[in-house]
Number of protein chains: 2
Amino acid sequence: MSIAEPLQEPCAEATQHDCKHGRAANGCEDCKVRLFSVCAALESSELEELDRISQARKVQARTMLFEQSALAGSVFNVTEGVVRLYKSLPDGRRQIVGFALPGDFLGLALQDRYGVTAEAVGRVSVCRFARSAFLAYVDGKPHLLRRLHEFAGHELSLAQDQMLLLGRRTAEEKIAAFLLNMQARYARIGAVSVTVPLPMSRQDIADYLGLTIETVSRTLTRLAREKAVLIVPDGVRLLDQERLKRIGAG
Amino acid sequence: MSIAEPLQEPCAEATQHDCKHGRAANGCEDCKVRLFSVCAALESSELEELDRISQARKVQARTMLFEQSALAGSVFNVTEGVVRLYKSLPDGRRQIVGFALPGDFLGLALQDRYGVTAEAVGRVSVCRFARSAFLAYVDGKPHLLRRLHEFAGHELSLAQDQMLLLGRRTAEEKIAAFLLNMQARYARIGAVSVTVPLPMSRQDIADYLGLTIETVSRTLTRLAREKAVLIVPDGVRLLDQERLKRIGAG
DNA sequence: CGGCGGCATTGATGCAAATCAATGCCGCAT
DNA sequence: ATGCGGCATTGATTTGCATCAATGCCGCCG
């Protein structure tokens, strides 16, 4: 665990928002936390309170935010960059169970252990909340509790989709579904584009999809050869989204 | 959806319990619902109230309790038998995301859609709650809300374990882990035994572990040949649990 | 009793993805 | 510049599991 010194600095660049107007927003210019769908459930006074109990922190690539067997002492909100969440087998085999993008929370399950390891993919900014402070904050707000529960339900649903993908889909289907999914997720945080950023390594993608690095590489090159995608530095441009949807449709 | 006529009959056989004493229990003799770990969070008066809003129902094998795309209008508590929860691809490929045993809840995520299909494996008894009644019941009880949230977190953690299993483990490891897991689950509901009941078909096990029926069969036969297990009607006796743990350890 | 249908087992063969093995590409430090 | 280390790509080969194909077992019903 390396969640040591709190830095208390606000998030780098601010984005448009309208929290108190009830729409999904990218966060508040004067806030450290970055909220998306949770936001609608918060009054702006509550958001300020949330902000007050948070500690902003920037970490460099490969920094471990927490380890799977560690006691879940903190809740994190990712504000910049990508975090990989994974489980490992004793012999080193690894399964990435998710990538956290800006706006996502980590440690929200409120179990006593994290259960997964969280590691910065590149440079990452997070806001940290002491578990106790977060719980105290949430406890008096039933509407928030409900919202968090719905969130957990959504997470579970995504996990089940991923099970279907891991257990029953081919390499090509996995890749296509992954690309479309990443595109949709970036779109939701305001980065709508046919060019999907892939800040994580091929090994990360492989460990997310239950494949090897070679199969990921080969499948991407094949899709590129067939003009379905164009591989660009740190990302992929989706040229034939229709075809990708046909392949990756769930 | 075939959650039609409420039958209003109590659960078949009763089991020992001590809900109001704060320990995990098997349910109440005079109650229809069957609670395990949730129970500790409930006062007996609350349990009665929960019971009052429930409708008991017995269904035969292969009955669909709900379909993945259906609106989540009900919450279920399994009281007898096993329910399979699965997702399907348009072409028929199926991934079972979990088996619900007596004491388990279905539809607790409180999403608007179920997201998975639930089907009785054999004869099954459930208690049904109208979603609205269940929500009304839960709403005034923050401790219960918290508990449900912890539950959701636990479910998510199990789902992540399953991702690791599906993405990164061999057929033999999958089978061994599955057997030990089923044993542990039956133990928790009071059926401690080296003989693990397997009421579901080989096809179900295959669809749960991301394998084919033939691979499940072959792997079990091999484990039997190597005296790690003994295959019995509707179950497996774990002869060499140490070996199974070595194979299936996570 | 016999035949039928659904499931499980077992064997032969095929194939998608893993493994093994270079090679290439780049950023970076010397 | 040059060499080095980390990642990605590409090719050759292997292999674990899937697929295809019987065969067996058993409960059920006429």
Side-chain angles (χ1 to χ4, degrees), chain A residues 60-62 82 84 89 91-96 119 121-123 165-179 197-226 229-236 247, chain B residues 60-62 82 84 89 91-96 119 121-123 165-179 197-226 229-236 247:
Chain A
Q60 61 185 10
R62 312 188 108 272
V82 176
R84 58 176 164 251
L89 252 15
D91 65 2
R93 281 176 290 175
R94 185 179 73 151
Q95 178 66 43
I96 291 183
E119 217 174 76
V121 166
R123 301 193 95 251
L165 179 135
L166 289 169
R168 288 296 181 221
R169 312 196 79 176
T170 65
E172 189 177 54
E173 291 172 331
K174 287 174 176 182
I175 295 284
F178 172 68
L179 295 178
L198 294 179
M200 68 291 289
S201 70
R202 294 287 188 266
Q203 185 62 64
D204 284 338
I205 298 173
D207 284 347
Y208 183 56
L209 300 177
L211 299 172
T212 59
I213 184 175
E214 294 95 331
T215 299
V216 170
S217 186
R218 270 188 255 275
T219 307
L220 279 174
T221 23
R222 178 150 35 83
L223 288 173
R225 205 167 39 233
E226 295 166 358
V229 303
L230 177 67
I231 297 167
V232 298
D234 297 314
V236 164
I247 299 171
Chain B
Q60 61 185 10
R62 312 188 107 274
V82 176
R84 58 178 163 250
L89 253 16
D91 65 1
R93 281 176 288 175
R94 186 179 70 152
Q95 178 66 42
I96 291 183
E119 218 174 75
V121 167
R123 302 193 94 249
L165 180 136
L166 289 169
R168 288 298 181 221
R169 313 196 75 172
T170 65
E172 188 176 56
E173 291 173 329
K174 286 175 175 180
I175 295 284
F178 172 68
L179 295 178
L198 294 179
M200 68 292 288
S201 70
R202 293 288 187 268
Q203 185 63 64
D204 285 338
I205 298 174
D207 285 346
Y208 182 56
L209 300 176
L211 299 171
T212 59
I213 184 176
E214 294 95 330
T215 299
V216 170
S217 185
R218 271 188 254 273
T219 306
L220 280 173
T221 321
R222 177 150 35 83
L223 288 173
R225 204 165 42 233
E226 295 165 358
V229 303
L230 177 67
I231 296 166
V232 298
D234 297 314
V236 164
I247 299 170

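In the text below, chain A, chain B and the rest are named by the order of the sequence lines, each starting its count at 1.
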With a cut-off of 6.0 Å (strictly less than), are more than 12 heavy atoms of other residues, nucleotides or ligands near CZ of A:Arg222? yes
Hey, does the side chain of B:Arg168 reach the backbone of A:Arg93 with a donor-acceptor pair shorter than 3.5 angstrom? no
Calculate the interatomic distance between B:Arg202 atom CZ and C:dT10 atom C1'; express it in whole Å. 14 Å
Rounded interatomic separation in angstrom, taking CD from A:Gln203 and P from C:dA18: 11 Å
Expressed in angstrom and rounded to an integer, what is the separation of A:Ile175 atom CD1 from D:dA8 atom C1'? 13 Å
Worked check of side-chain contact (heavy atoms from CB on, under 4.5 Å) between B:Glu173 and B:Leu209: CA-CA 10 Å; B:Glu173 291 173 329; B:Leu209 300 176; over 6 Å; no
Distance, nearest 0.5 Å, that separates CD1 of B:Ile205 from CG of B:Leu220: 6.5 Å
Classify every nucleotide of nucleotides 17-24 of chain D by which part a protein heavy atom approaches to under 4.0 Å, writing B for the base, S for the sugar-phosphate alone and - for neither, in 5'-to-3' order. SSBBB---
Can you list everything that forms a side chain to side chain contact (heavy atoms under 4.5 Å, CB included) with A:Ile213? Sequence neighbours excluded, please. A:Arg202, A:Gln203
Nearest whole Å is fine: how far is D:dA8 P from A:Ile231 CD1? 11 Å
Return the value, rounded to whole Å, for the distance between atom CZ of A:Arg62 and atom C1' of D:dG6. 10 Å
Atom pair distance, as rounded to whole Å: CG in A:Leu220 and C1' in D:dT9: 11 Å
Shortest non-hydrogen contact between B:Ile247 and B:Arg169, atoms and distance: O-NH2, 3.7 Å
Work out how much the helix from C:dC1-D:dG30 to C:dT30-D:dA1 bends between its end axes, five pairs an end, to the nearest 10 degrees. 20°
Atom-to-atom span, CE of A:Met200 to C1' of D:dC7 - whole angstrom: 15 Å
Any donor-acceptor pair under 3.5 Å from A:Arg84 side chain to A:Val121 backbone: no
Before you tell me yes or no, could you show the steps for A:Leu166 and B:Gln95 under side-chain contact (heavy atoms from CB on, under 4.5 Å), namely the whole-Å CA-CA distance, both residues' side-chain angles and the distance that decides it to 0.1 Å? CA-CA 9 Å; A:Leu166 289 169; B:Gln95 178 66 42; over 6 Å; no
Which listed nucleotide (D:dT9, D:dA8, C:dA8) is nearest to the side chain of A:Ser201? D:dA8
Rounded to the nearest Å, what distance is computed from the CD atom of residue A:Glu173 to the P atom of nucleotide C:dA16? 12 Å
Just how far is it from atom CG of A:Leu198 to atom CG of A:Leu179, taken to the nearest 0.5 Å? 6.0 Å
